[in-house]
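Data block below; observations after.
Chain A is the first sequence line, chain B the second, and so forth, proteins listed ahead of strands; every chain is numbered from 1.
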Amino acid sequence: MEVDDEIIKPKENEQDNRKPIVVILIGAPGSGKSVFCDNVMRVSTRPWVRVCQDTIGNGKSGTKAQCLALASTSLKDGKSIFIDRCNLTIEQRADFIKLKESYQVDIHAVVLDLPAKLCISRSVKRTGHEGNLQGGKAAAVVNQMLRKKELPKLNEGFTRITFCQTENDVQEAVNTYGALSSSDILPFGVFGEKKTDTKVQLGIMKFLKRVDAPSKVTSDKTISEPSNHHVDERQEQSGTQPLDGVPTLAFPSISTADFQFDTEKASDIIVETVEEFVHKIGNGRLVLVDISHGSKILSLVKSKAVVKNIDPTKFFTFVGDLTKLRSGGGLHCNVIANAANWRLKPGGGGVNAAIFDAAGPDLETATKKRAGSLSPGKAVTIPLPSTSPLFSKQGVTHVIHVLGPNMNPKRPNCLNDDYTTGCKILREAYSSLFENFASIVRTQEKSSDCEASNCDDEKTKKLKGFIEVNESNNSNKDWGTWAQVLYKIAMHPEKHRNGVVEILDDVVVLNDVYPKAQRHILVIARAEGLDRLADVSRKHLPILRTMHDVGVKWARTFLKENQSLVFRLGYHSSPSMRQLHLHVISQDFDSKHLRNKKHWNSFNSPFFRDSVDVIQQVSEEGRLTLNDDQKFMSMELRCNRCRSAHPNIPRLKSHIAICKSPFPAKLLQNDRLLQNAANKDDNV
DNA sequence: GTTCTAGAAC
DNA sequence: GTTCTAGAAC
């Protein structure tokens, strides 16, 4: 990490532009966070403020809220800040990352991921530490904290992440930040050991399960070299499922080769369309593939994806041959896209020729059966017969032909530089491609749900999931009968009087059959096709507001009956029951029906989306970000008031029955909680 | 021995 | 979503 190469110096006329940054330090006690800050601040010409939770209360330890307040005032003054607290979990970091929106600043992470032993020995030896973590107890605390460690990812909102595993790494990071003047900025991305260009590769490495920690990322080459084939061996043994069982679409850049589409414009369209679809492909992933190392389109897309914070495990770029991804690159993609010609015929060179070649006559026959031609902007899915070498050797089960716009005057239907039409068609092409892929993913999910009961043979099971494509994506088939109850009530509330407390034109209000708290009702939308948050777009704002208002009205009614209740309104990010429903739930969680971790975490983790935040995000961004929600279900059990952790549900329940701590600051903001005024004072 | 979780079945 | 239950954790 050569410092001089790294820093981006501003242009002459920007010299005065101060660009404050927020650097969130991440590390256990004893990892050297405070020393890091001191060392940077000692040499830096940039104004820094160290926000240290251990000392913020007049030299004594303080609260996260105090840290946030100091962070805000410092940023307002144009000062850069270090957030000097452990910040080991996503949740602990989240509020500081939000400073990004409020102050338009870059958020960096510096991870002091030093050996636990070292942290412990430093903590144990420490006598005058500001956090007062001394003696033998330190070992237990450090171990406990490290167990909960969640390494940061760009999609949390970081613009730059630096991992340090050794003291040398730490010194390099000190040098980098120490040399940063007020107006310098550092490149975005993830920076691991020695090399700087690991941001996308990290995604790949994780995908391939090659690394747990970034320490092993030492090459800045994309994984296509023969030296990186370890994964393949494991793959060969495990049959035709993609690694992790994760459906993956590999696709070439459409129209930028033979059709001569402008790469700059094309890269924008790719990244924008990916951004839109990455939430609609379930657990699937998208990989842009190009055969050449110096590919311009790949590097453009790579950097734009980083800027847009697209989850690098859901989308990344890959250098390799589309027809040899598994055998030649160790990357198993069960679906590949073909940049087809309008006749859907082999030949013509490029990707099209290569794919038809590699797939053998089976693909041509299967294609013919399905379609005779293709219009620009359209895509068609061809299930690949298992006799095709692409299937047997590469594990490809579907080829999606897609046709993009043509800007090459020597090819049919040239658009003569009409980029208005061209961009529109290219966008359609990618949308159609990703939609086809999403449909395959849905089908696979469905068949893996139902296959177990009627099929014993392991291999046949796997093939079944991949081969049988059901083009229809009728959503109600995705839900079991038990999951349709709310939908039925919403459509015919008069037939289900049990539990229904109010029927309006747009919503039905229902007492939850298995309430998880003293008061727990559901406000169900009556709109058809609005199954869950994933279906919500800007056009649903009126119904979201109606649901919220009705929820608030009921909460107020309950508050009149019982002054001590506190209500929270929100949605489950991926609910078990069909039909969008708003939970209005009192925060006592005093209920015999609250029995397991999932119950608790579905109301007390980021899985629970506050109604106010849902409305805000949809009105600002037109849709919601929903990814990787299930991980919250297995989170440790923490008190919703004091955030203390508990080993199991019974212990948690006995704690929450007596905990009188105020609610966390975040919940007290923005009307996320509804309570009587008298209560409010106690809870602040 | 009892308590608790987690996965399958519905 | 719940119920049931094997077996892990205590």
Side-chain angles (χ1 to χ4, degrees), chain A residues 140 143-144 147-148 244-245 282-283 444-456 458 461 465 475-493 495-496 498-501 508-525 530-535 547 568-586 589-605 607-609 626 629-639 644-657:
Chain A
N143 274 326
Q144 168 90 357
R147 268 207 295 279
K148 291 166 198 158
D244 299 345
N283 66 336
Q444 283 171 8
E445 281 169 356
K446 253 184 276 175
S447 43
S448 62
D449 280 351
C450 63
E451 73 197 3
S453 54
N454 49 24
C455 182
D456 297 324
E458 270 299 309
K461 257 194 233 176
S475 63
N476 60 356
K477 285 182 190 155
D478 293 341
W479 306 86
T481 39
W482 54 262
Q484 309 258 13
V485 175
L486 297 183
Y487 169 75
K488 288 180 183 158
I489 293 174
M491 295 307 149
H492 302 287
K495 290 186 192 163
H496 300 81
N498 269 356
V500 173
V501 291
V508 173
V509 184
L510 177 78
N511 272 318
D512 196 302
V513 186
Y514 300 96
K516 304 295 185 294
Q518 286 189 42
R519 286 291 188 183
H520 183 184
I521 58 162
L522 305 176
V523 181
I524 313 169
L530 192 54
D531 290 347
R532 49 190 155 183
L533 282 184
D535 301 320
M547 292 168 80
R568 194 171 169 195
L569 283 68
Y571 301 86
H572 286 163
S573 60
S574 48
S576 306
M577 307 285 278
R578 179 183 178 193
Q579 198 65 13
L580 187 69
H581 54 282
L582 172 71
H583 291 268
V584 179
I585 183 164
S586 60
F589 296 104
D590 173 11
S591 161
K592 63 175 184 186
H593 298 293
L594 198 156
R595 286 207 275 247
N596 60 43
K597 208 168 200 178
K598 190 175 172 185
H599 290 152
W600 178 257
N601 281 332
S602 70
F603 292 100
N604 291 288
S605 77
F607 187 86
F608 189 81
R609 299 294 196 93
L626 298 166
D629 298 313
Q630 289 307 320
K631 68 171 184 251
F632 298 123
M633 292 297 97
S634 49
M635 264 170 60
E636 62 194 353
L637 299 164
R638 280 190 178 272
C639 171
S644 59
H646 300 269
N648 55 46
I649 288 288
R651 299 266 286 271
L652 173 76
K653 288 181 88 164
S654 46
H655 168 81
I656 56 173

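- B:dT5 atom P lies 15 Å from atom CE of A:Met633, rounded to whole Å.
- In this structure, CG of A:Leu652 is placed 18 Å from P of B:dT3, rounded to the nearest angstrom.
- Rounded to an integer number of Å, the gap from A:Lys598 NZ to C:dG1 C1' is 8 Å.
- The distance from atom CG of A:Leu510 to atom C1' of C:dG1 is 13 Å, rounded to the nearest whole Å.
- Whole-Å rounding puts the A:Lys592 NZ to C:dT2 P distance at 12 Å.
- The backbone N or O of A:Leu594 lies less than 3.5 Å from a partner atom in the side chain of A:Lys653, making a donor-acceptor pair.
- The backbone N or O of A:Met633 sits less than 3.5 Å from a side-chain atom of A:Asn601, completing a donor-acceptor pair.
- Distance, A:His646 NE2 to B:dT3 C1': 18 Å, rounded to whole Å.
- Stacking between A:Tyr514 and C:dG1 is absent: the aromatic ring centre is not both under 5.5 angstrom from the base six-membered ring centre and within 30 degrees in plane angle.
- No side-chain donor-acceptor contact under 3.5 Å links A:Trp479 to the backbone of A:Ser576.
- For the pair A:Gln630 CD and B:dA6 C1', the computed distance is 14 Å after rounding to whole Å.
- Side-chain proximity of A:Arg595 to the nucleotides C:dT3, B:dC4, C:dG1 is greatest for C:dT3.
- A:Ser605 places no side-chain N or O within 3.5 Å of a backbone atom of A:Ser602 that could act as its donor or acceptor partner.
- Within 4.0 Å (heavy atoms only), A:Leu486 reaches no atom of the nucleic acid at all.
- When rounded to the nearest whole Å, the span between NZ of A:Lys597 and C1' of B:dC4 equals 11 Å.
- Checking the phosphate oxygens (OP1, OP2) of C:dG1, no side-chain nitrogen or oxygen of A:His599 falls inside 4.0 Å.
- The residue A:His572 sits close only to the backbone: its heavy atoms come under 4.0 Å of sugar-phosphate atoms, none of a base.
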